[in-house]
**Student:** 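Sharing a structure below in structure tokens format, with a few things to ask.
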Amino acid sequence: DIALYEAKKNGRGRHQVFAGDMDDLLLRKRKVETELRKALDGGTGIGLAYQPVFAANGKTILGAEALIRWGHEVHGALPAAQFIAIAEERGMIGQLGAWVLQEACRFAVRTELPWLAVNVSPLQLRDAGFAEQVASILADTGLAPQRLQLEITESVLLENSDASRAALTALRESGVGIVLDDFGTGYSSLSYLRRHAIDKLKIDRSFVRLLDGEANAAAIVKALIDLAVALGVDVTAEGVETEAQKILLVAMGCRQFQGYFLSPPLEPAQLLGLSGLASPHDVVPAAARA
Ligand code: C2E
Ligand code: MG
Ligand code: MG
Ligand code: MG
């Protein structure tokens, strides 16, 4: 937390080094909170980037993930994970999450993307009205539930909360895809995979990063892919940065790829301008997957 505003070593130098005491940190968080509220209320300075997910051929776009961006005029572009954490802490994640869902679904209907994935905080899922909120956003925007995927983390499943479980069940029954994000980084209990219905696993980039150097990482990734195949769920490798990583992943049976090697997160207009958006018959039949 102390490093919250430390300049990224390779960043654009817009972050201020901040290593003050706790009072300062609290003050800074409150300030971020106030500014974030303003941005949300005014709909300014806040937006979504879209990172496409590719098939093994590196060309066919299977779908995309929405990633929040907040270009703050004073603080610069704060990393998503940092202001998401503040939003969670300050009780704003509900409002922020609703904005993200609305914006993402509105965008998705304008594209030929087979699906769009949206990250969901565990706190959103715990809210009793969450499944209904998603349903009403889908109805308002006209997006088919089958074209929305929600990315959750292992912590949601481990919480074992009735509200979260009921929300996941209702969403999945309505056709929304449930994706387990950052797979492998959470607690190592795999029993939730048996108890919970999941449509896709995303292998965390911390494993993918080590693929071409570390034998243990390669063994873990292979085991995770085999596990997904055995469970009959899709699997995406995230944070694919090199061709060597992609080649290894293809050889291990992975069929979905996301990362800087394929494409960084894009501005909405850039994504709309991309060719290679898969038509539905490119992605639906499992037999057609090369
Ligand atoms: P995530 O869901 O695991 O998203 C992937 C992150 O990896 C994104 O960072 C993306 O920009 C980055 N990334 C993609 N390809 C590569 C690569 O090849 N190499 C490396 N090093 N990084 C890559 P980002 O956008 O900063 O988001 C960080 C995290 O913040 C996300 O991790 C997610 O947990 C959270 N987040 C982002 N947007 C939202 C949102 O709308 N709602 C919620 N609740 N969380 C969000
Ligand atoms: Mg994600
Ligand atoms: Mg992820
Ligand atoms: Mg990750």
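Read the numbers this way: they start at 1 and go in the same order the structure lists the ligands and their atoms. Model, not experiment: these values are computed from the prediction. When reading the values below, keep in mind they use all heavy atoms of this one structure, side chains included, and skip hydrogens, waters and symmetry mates.
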**Student:** Can you sort out which atoms of ligand 1 are near Pro265, meaning under 4.0 Å from one of its heavy atoms?
**Tutor:**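 Near Pro265, meaning under 4.0 Å from one of its heavy atoms, ligand 1 has 11 (O).
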**Student:** Does Tyr260, backbone or side chain, put an N or O under 3.5 Å from an N or O of ligand 1?
**Tutor:**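 For ligand 1, there is an N or O atom that lies under 3.5 Å from one belonging to Tyr260.
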**Student:** Work out whether the distance between some heavy atom of Lys202 and some atom of ligand 1 is less than 4.0 Å.
**Tutor:**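 Per 4.0 Å heavy-atom rule, Lys202 does not contact ligand 1.
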**Student:** Just heavy atoms, cut-off under 4.0 Å: does Arg205 contact ligand 1 by side chain, backbone, both, or neither?
**Tutor:**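 Side chain only.
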**Student:** Taking the N/O/S atoms of Glu151 one by one, which is nearest to the Mg ion (ligand 2)?
**Tutor:**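 The Glu151 atom nearest to the Mg ion (ligand 2), restricting to N, O or S, is OE1.
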**Student:** Going by the atom numbers of ligand 1, which of them fall below 4.0 Å from some non-hydrogen atom of Gln51?
**Tutor:**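 It comes down to these atoms of ligand 1: 14 (C), 15 (N).
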**Student:** Give the minimum heavy-atom separation between Pro52 and Gln258, together with the two atoms involved.
**Tutor:**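 The answer is O-CG, 4.0 Å.
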**Student:** Check whether any N, O or S atom of Asp182, backbone or side chain, sits closer than 2.8 Å to the Mg ion (ligand 3).
**Tutor:**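 Short answer: yes, at least one N, O or S atom is under the cut-off.
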**Student:** With heavy atoms only and a cut-off of under 4.0 Å, state how Asp181 meets ligand 1: side chain, backbone, both or neither.
**Tutor:**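 Near ligand 1, Asp181 shows its side chain, while the N, CA, C and O stay back.
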**Student:** Output the list of atoms in ligand 1 that are nearer than 4.0 Å to some heavy atom of Glu241, sorted by atom number.
**Tutor:**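 This gives 17 (C), 18 (O), 19 (N), 20 (C), 21 (N) as the contact atoms.
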**Student:** Measure across Phe207 and Thr185 and return the closest heavy-atom pair with its distance rounded to 0.1 Å.
**Tutor:**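 So the two residues come closest at CE1-N, 4.3 Å.
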**Student:** Could you tell me whether the side chain of Glu154 and the main chain of Phe183 form a donor-acceptor pair under 3.5 Å?
**Tutor:**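 Judged by distance alone, no pair lies under 3.5 Å.
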**Student:** Measuring to the Mg ion (ligand 3), does Asp204 have an N/O/S atom at a distance below 2.8 Å?
**Tutor:**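 Checking Asp204: none of its N, O or S atoms is under 2.8 Å.
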**Student:** Using the rule side-chain contact (heavy atoms from CB on, under 4.5 Å), only one of Asp181, Asn119, Asp182, Ile178 pairs with Ile152; which is it?
**Tutor:**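 So, applying the side-chain contact (heavy atoms from CB on, under 4.5 Å) to Ile152 and each of Asp181, Asn119, Asp182, Ile178, only Ile178 qualifies.
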**Student:** Would you call Gly97 a ligand 1 contact, heavy-atom distance under 4.0 Å?
**Tutor:**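 It does not, in that no heavy atom of Gly97 comes within the 4.0 Å cut-off of ligand 1.
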**Student:** So if I count the atoms of ligand 1 from 1 in the order they appear, which ones are less than 4.0 Å from some heavy atom of Val100?
**Tutor:**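 Counting atoms of ligand 1 from 1, those under 4.0 Å from Val100 are 41 (O).
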**Student:** Which is closest to atom 40 (C) of ligand 1 by heavy-atom distance: Leu78, Leu67, Asn119?
**Tutor:**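 Selected option, by shortest heavy-atom distance: Asn119.
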**Student:** With a cut-off of 4.0 Å, which atoms of ligand 1 are near a heavy atom of Asp182?
**Tutor:**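 With Asp182 as reference, the close atoms of ligand 1 come out as 3 (O).
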**Student:** Which atoms of ligand 1 have any heavy atom of Gly239 under 4.0 Å away?
**Tutor:**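 The atoms of ligand 1 under 4.0 Å from a heavy atom of Gly239 are 16 (C), 17 (C), 18 (O).
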**Student:** Show the atoms of ligand 1 that are less than 4.0 angstrom away from any heavy atom in Ala81.
**Tutor:**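 It comes down to these atoms of ligand 1: 30 (O).
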**Student:** What N/O/S atom of Glu65 gets nearest to the Mg ion (ligand 2)?
**Tutor:**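 For Glu65, the N, O or S atom at the smallest distance from the Mg ion (ligand 2) is OE2.
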**Student:** Of all the N, O or S atoms in Asp181, which has the shortest distance to the Mg ion (ligand 3)?
**Tutor:**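 Atom name returned: OD1.
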**Student:** Could you tell me which non-hydrogen atom of Leu249 sits nearest to which non-hydrogen atom of Ala237, and how far apart they are?
**Tutor:**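 Nearest pair, atom of Leu249 first, then Ala237: CD1-CB, 3.6 Å.
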**Student:** Does any N or O of ligand 1 fall below 3.5 Å from an N or O anywhere on Ile68, backbone included?
**Tutor:**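 N/O-N/O distance below 3.5 Å exists for this pair.
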**Student:** Quick check: does Gln258 get an N/O under 3.5 Å from an N/O on ligand 1?
**Tutor:**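 No, there is no polar N/O contact under 3.5 Å.
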**Student:** Should you measure from each heavy atom of Gly259, which atoms of ligand 1 turn up under 4.0 Å away?
**Tutor:**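 Answer for ligand 1: 15 (N), 18 (O).
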**Student:** The test is salt bridge (Lys or Arg N to Asp or Glu O under 4.0 Å); show your working for Arg30 and Glu33 and say whether it passes.
**Tutor:** CA-CA 5 Å; Arg30 288 214 181 109; Glu33 178 192 352; 5.6 Å; no
**Student:** Taking CD in Glu243 as the centre, count heavy atoms belonging to other residues, nucleotides or ligands within less than 6.0 Å. Is the count above 12?
**Tutor:**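 Incorrect, the count does not exceed 12.
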**Student:** Take atom CD in Glu132; do more than 12 heavy atoms of anything else shown fall under 6.0 Å from it?
**Tutor:**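 Check fails, neighbour count at 12 or below.
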**Student:** Is it the case that atom CD in Gln270 sees more than 12 heavy atoms from other parts of the structure closer than 6.0 Å?
**Tutor:**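 Check passes, neighbour count above 12.
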**Student:** Answer yes or no: is there a donor N or O on one side and an acceptor on the other, between the side chain of Gln245 and the main chain of Glu241, under 3.5 Å?
**Tutor:**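 Pair found, side chain donor or acceptor close to backbone of Glu241.
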**Student:** What is the minimum heavy-atom distance between Ala104 and Val118, and which atoms define it?
**Tutor:**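 It is CB-CG2, 3.6 Å.
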**Student:** Atom 26 (O) of ligand 1: which of Ala66, Ala49, Pro264, Ala80 has the nearest heavy atom?
**Tutor:**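 Heavy atom nearest to atom 26 (O) of ligand 1 belongs to Ala80.
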**Student:** Does the shortest distance from the Mg ion (ligand 2) to an N/O/S atom of Glu238 fall below 2.8 Å?
**Tutor:**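 No, outside the cut-off.
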**Student:** Taking all non-hydrogen atoms of both residues into account, name the closest pair between Phe257 and Ala56 and its distance.
**Tutor:**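 Smallest interatomic distance, heavy atoms only, reads CE1-CA, 3.5 Å.
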**Student:** Minimum heavy-atom separation for Cys254 and Thr236, please, with both atom names.
**Tutor:**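 Looks like SG-C, 4.4 Å.
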**Student:** Is Glu88 close enough to touch ligand 1? Criterion: a residue heavy atom under 4.0 Å from a ligand atom.
**Tutor:**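 No.
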**Student:** Counting N and O atoms only, with roles assigned by atom type, does the side chain of Gln95 sit under 3.5 Å from a partner on the main chain of Met92, one being a donor and the other an acceptor?
**Tutor:**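 Between the backbone of Met92 and the side chain of Gln95 there is no qualifying donor-acceptor contact (under 3.5 Å).
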